[in-house]
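See structure below.
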Amino acid sequence: MNEETNLVEFTAKLGGVIFKKAELENNFEAVYSKVIERMFQLQAVGGDEFLVVLGDIGG
């Protein structure tokens with residue numbers, strides 16, 4: 001497996017975990033808002049890159 005494949009798999013799993021947490025808490029807005037806030041706090045994203053964490057990695 002190459003690095004890109006690993007990133008795709010990780011992104012899919014992370015997106016699923018975030019979605020499941022939102023579903024279990026029955027509060028999608030709060031969970032996704034918290035995830036995005038935390039990503040910006042960590043300065044791990046720039047521009048549209050935060051979409052990758054949420055699973056939007058398609059063309």
Next item on the list: Under the ring pair (Phe, Tyr, Trp, His ring centres under 6.0 Å) rule, collect the residues that match up with F28, sequence neighbours excluded.
Entry: F19
Margin query: My understanding is that only residues two or more places apart in sequence, or in another chain, count here; which of them pass side-chain hydrogen bond (donor to acceptor under 3.5 Å, both in side chains) with E25?
Written below: K21
Check: How far apart are the closest heavy atoms of I18 and V31, and which atoms are they?
Finding: O-CG1, 3.9 Å
Check: Can you name the closest pair of heavy atoms from A22 and Y32 and give their distance?
Finding: CB-CE1, 4.0 Å
Next item on the list: With sequence neighbours left out, write down each residue that passes side-chain contact (heavy atoms from CB on, under 4.5 Å) with K34, or none if nothing qualifies.
Entry: none
Check: Heavy-atom distance under 4.5 Å between the side chains of L14 and F10, does that happen here?
Finding: yes
